[in-house]
Engineer: 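Have a look at the structure that comes next, please.
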2 protein chains.
Amino acid sequence: MSRKRNLEGDAKSRILEISARLFAEHGFNAISVRDITSEAGVNIGAVNYYFQSKEQLFHEIFETLLRPLQRERIALLDQIEAEAVDASPDPERILRALIEPTIRSSVGKDALSPYLPRLMFQTYAVARQSIGDDVAVENDAVATRFIKALARAIPHVSYEDICWRYYMVLGGFLLVCTDAQGAQRLERLSDGRCDTNDGPRIIEQMIAFFLSGITGPAPSKPRRRAAKALPVNVPSADPAPTPPARRRRSNPDPSPQ
Amino acid sequence: MSRKRNLEGDAKSRILEISARLFAEHGFNAISVRDITSEAGVNIGAVNYYFQSKEQLFHEIFETLLRPLQRERIALLDQIEAEAVDASPDPERILRALIEPTIRSSVGKDALSPYLPRLMFQTYAVARQSIGDDVAVENDAVATRFIKALARAIPHVSYEDICWRYYMVLGGFLLVCTDAQGAQRLERLSDGRCDTNDGPRIIEQMIAFFLSGITGPAPSKPRRRAAKALPVNVPSADPAPTPPARRRRSNPDPSPQ
DNA sequence: GTCTATAATTGGATAGAC
DNA sequence: GTCTATCCAATTATAGAC
């Protein structure tokens, strides 16, 4: 209320901002409420006062960041589909609708957005109810809409293949977006050639790669090692007709997140 | 020593196995040594007795799993390059050398391998020294060798672009491999069409997508929105010549991992 | 080698003064 | 609204009996 700390923002939004960064960098379990409150310059009780619990604070971060992004994506997709009622939509525009809002919201403006990809990345990395049930449902709905749009845009690729490829897009997308706040491994591996802070460049790199990949020819059916490759023999041999083979012995009830 | 628990494996390897699974599923910080020892059916002190600390145990898991895998990859790559001294190597075989050892080691045999991709995934997700310095160095060396091999195999793609694309390959690869032990989101989104436990199928899907993507045409240079796409107008407008724009305010010293 | 008991620290959350 | 002091549960790690 008072105007005391109006310059820096009130305590609540300071906590939101600082904790988003700390959680994104180190993960939920690695950060204590003491880490947050001390770095935010507020007292220890503030997190519980404003957000009831550390868990609730985490949920609220996703609410704040993810929902608007998903709505922007859907708005773009709506527009694309509205303009292509008769013809099939342009796959590049669909990919851009998926990717660009994330990158764009990462430059300037509000200070939290850059951390969303990394927080999402962690959602896949650990089995933990990071986001509320409702947000998770909305999330899947958005993904399904994009998959269906891509399937219509690229009719020569089967629906199943589109699903695989959508997921590979997602993985590449998240890893690249995530690298700047974390390992910075791409800059290192490329000897500084790849600047993971250059939003427009990231976008064009992704679009080029994903568009080629997602529209490319279908995989050779599971007769293995078809066309060109010579047989590779390695220590653990790999006789030609390896059967599908089940894997993973125990996985009682994987939290569906 | 004694033959008491020889059937189940001795205490040390039981701990290694159980903890690899628990860490992979929930992350390092979410798992306590009590979780491990109780699930492994050993006493609470066993982790510290065999591994000195929880941290050391974690490092040892990577040692055990990652080193042999990297060696197998390098052996395959050596062979490919040896056979192509004059001609340029086959990009598909290089991608297979990168991908197949992981998938192959995930079926049957030893019980730990399936968890490696997920553990690696977490390495990217949180800023934490998951793996020892020496393993990290070897890791980067392997990546660099693959990047250089791909650059030679695909001469019409610039070295910088190869780096971006290698990293996107890595991201898609990890997310897909990771999904079976975790969110199982791909199976859900695809309505059961995609079976993330079917190793050979995963391989062929990846090879097809990555090969098209990595050999595809270069991205349009940062004159944005070049060829086909119509201008998209969204709430937060996007005037044509958006400058690069710096981002991220504070990131004191990101652990280079 | 295996186990129990316990040390020493740190975690999330709350009560109550101001 | 803000802050301090504090409770209580859970953590890693160790000491020492068997």
Side-chain angles (χ1 to χ4, degrees), chain A residues 1-62 119 122 126-132, chain B residues 1-23 25-62 122 126-132:
Chain A
M1 250 343 128
S2 70
R3 93 171 358 137
K4 194 169 73 174
R5 203 192 256 114
N6 235 356
L7 301 161
E8 293 274 8
D10 54 70
K12 184 170 178 178
S13 39
R14 282 184 54 86
I15 291 173
L16 216 50
E17 183 181 334
I18 298 285
S19 65
R21 178 172 64 78
L22 291 176
F23 285 146
E25 285 169 356
H26 304 101
F28 180 80
N29 290 291
I31 296 299
S32 67
V33 299
R34 304 174 122 88
D35 293 331
I36 297 167
T37 52
S38 80
E39 188 138 344
V42 298
N43 67 84
I44 322 246
V47 161
N48 292 93
Y49 178 77
Y50 289 110
F51 300 94
Q52 288 79 52
S53 69
K54 180 188 167 189
E55 184 91 26
Q56 273 283 328
L57 165 60
F58 199 52
H59 284 4
E60 199 143 328
I61 292 172
F62 279 99
L119 291 166
Q122 289 172 8
V126 297
R128 128 168 274 284
Q129 186 80 346
S130 307
I131 59 185
Chain B
M1 244 350 121
S2 70
R3 93 170 358 138
K4 194 168 74 174
R5 203 192 257 114
N6 234 356
L7 302 161
E8 293 273 8
D10 54 71
K12 184 170 179 179
S13 40
R14 281 183 56 88
I15 291 173
L16 216 49
E17 182 180 337
I18 298 285
S19 66
R21 177 171 64 79
L22 291 177
F23 285 146
E25 284 169 357
H26 304 100
F28 180 80
N29 290 291
I31 296 298
S32 67
V33 298
R34 304 174 117 88
D35 294 331
I36 297 167
T37 52
S38 79
E39 188 138 343
V42 298
N43 67 83
I44 324 246
V47 161
N48 291 92
Y49 178 76
Y50 289 110
F51 300 94
Q52 287 79 51
S53 71
K54 182 187 166 189
E55 184 91 25
Q56 272 283 329
L57 165 59
F58 200 50
H59 284 3
E60 200 142 328
I61 292 173
F62 279 98
Q122 290 172 8
V126 297
R128 126 168 275 283
Q129 186 80 346
S130 306
I131 59 186

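Since the structure is predicted, the reported quantities are computational estimates derived from the model, not experimental observations. Here is how names work: the chains are called A, B, and so on, in the same order as the sequence lines, proteins then strands, and each is numbered from 1.
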Engineer: Return whichever of A/I44 or B/Q52 has its heavy-atom-nearest nucleotide of DNA chain D closer to the 5' end.
Structural biologist: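 Closer to the 5' end of DNA chain D: A/I44.
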
Engineer: When you measure from the side chain of B/Q122 to the backbone N and O of B/F23, does any donor-acceptor pair fall under 3.5 Å?
Structural biologist: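 Looks like yes, one N/O pair under 3.5 Å.
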
Engineer: Looking at every strand, decide which applies to B/Y50 at a 4.0 Å heavy-atom threshold: base, sugar-phosphate, or nothing.
Structural biologist: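 Sugar-phosphate, no base atom in range.
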
Engineer: Expressed in angstrom and rounded to an integer, what is the separation of A/N48 atom CG from D/dC3 atom P?
Structural biologist: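 Those two atoms, CG and P, are 15 Å apart.
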
Engineer: What is the distance, rounded to the nearest whole Å, between atom CD1 of B/I15 and atom P of C/dG1?
Structural biologist: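 Spelled out: CD1 on B/I15 to P on C/dG1 is 12 Å.
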
Engineer: Can you measure A/N29 atom CG to D/dT11 atom C1' for me and round it to whole angstrom units?
Structural biologist: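 Spelled out: CG on A/N29 to C1' on D/dT11 is 13 Å.
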
Engineer: Select one nucleotide: of C/dG12, C/dT2, D/dT11, the one nearest the side-chain heavy atoms of B/R34.
Structural biologist: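 The answer is D/dT11.
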
Engineer: For the pair A/K54 (side chain) and A/I31 (backbone), establish whether a donor and an acceptor sit closer than 3.5 Å, ignoring hydrogens and angles.
Structural biologist: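 Pair found, side chain donor or acceptor close to backbone of A/I31.
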
Engineer: Picking from C/dG12, D/dA13, D/dT4, which would you name as closest to the side chain of A/V33?
Structural biologist: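 The closest nucleotide is C/dG12.
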
Engineer: Just the rounded figure in Å: distance from C1' of C/dG11 to CZ of A/F28.
Structural biologist: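 Whole-Å distance recorded here is 12 Å.
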
Engineer: Take atom OH of A/Y49 and atom P of D/dC3, then tell me their distance rounded to the nearest Å.
Structural biologist: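 Nearest whole value for this atom pair: 12 Å.
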
Engineer: Would you indicate what A/I31 reaches in the nucleic acid, counting non-hydrogen atoms under 4.0 angstrom: base, sugar-phosphate, or nothing?
Structural biologist: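 A/I31: backbone/sugar contact only, no base atoms under 4.0 Å.
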
Engineer: Check whether any side-chain N or O of A/H26 sits under 3.5 Å from a backbone N or O of B/R128 as a donor-acceptor pair, and report yes or no.
Structural biologist: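 No, A/H26 side chain to B/R128 backbone: no donor-acceptor pair under 3.5 Å.
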
Engineer: Could you tell me whether A/E17 and A/R21 have a side-chain N and a carboxylate O separated by less than 4.0 Å?
Structural biologist: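 Looking at A/E17 and A/R21, the cut-off is not met.
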
Engineer: Tell me: CZ of A/F51 to P of C/dG12, nearest whole Å?
Structural biologist: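 Going from A/F51 (CZ) to C/dG12 (P), I get 15 Å.
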
Engineer: Starting at CD of A/Q56 and ending at P of C/dT14, how long is that distance when rounded to a whole Å?
Structural biologist: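 Distance check: A/Q56 CD to C/dT14 P gives 12 Å.
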
Engineer: Round to the nearest Å and state the distance from A/K54 atom NZ to C/dT14 atom C1'.
Structural biologist: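 Interatomic distance, NZ of A/K54 to C1' of C/dT14: 17 Å.
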
Engineer: Looking at the side chain of A/S32, which of C/dG11, D/dA13, C/dT14 is the nearest nucleotide?
Structural biologist: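 The answer is C/dG11, which lies nearest to the side chain.
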
Engineer: What distance separates B/I44 CD1 from B/S32 OG, expressed to the nearest 0.5 Å?
Structural biologist: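 Spacing of CD1 (B/I44) from OG (B/S32) equals 9.0 Å.
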
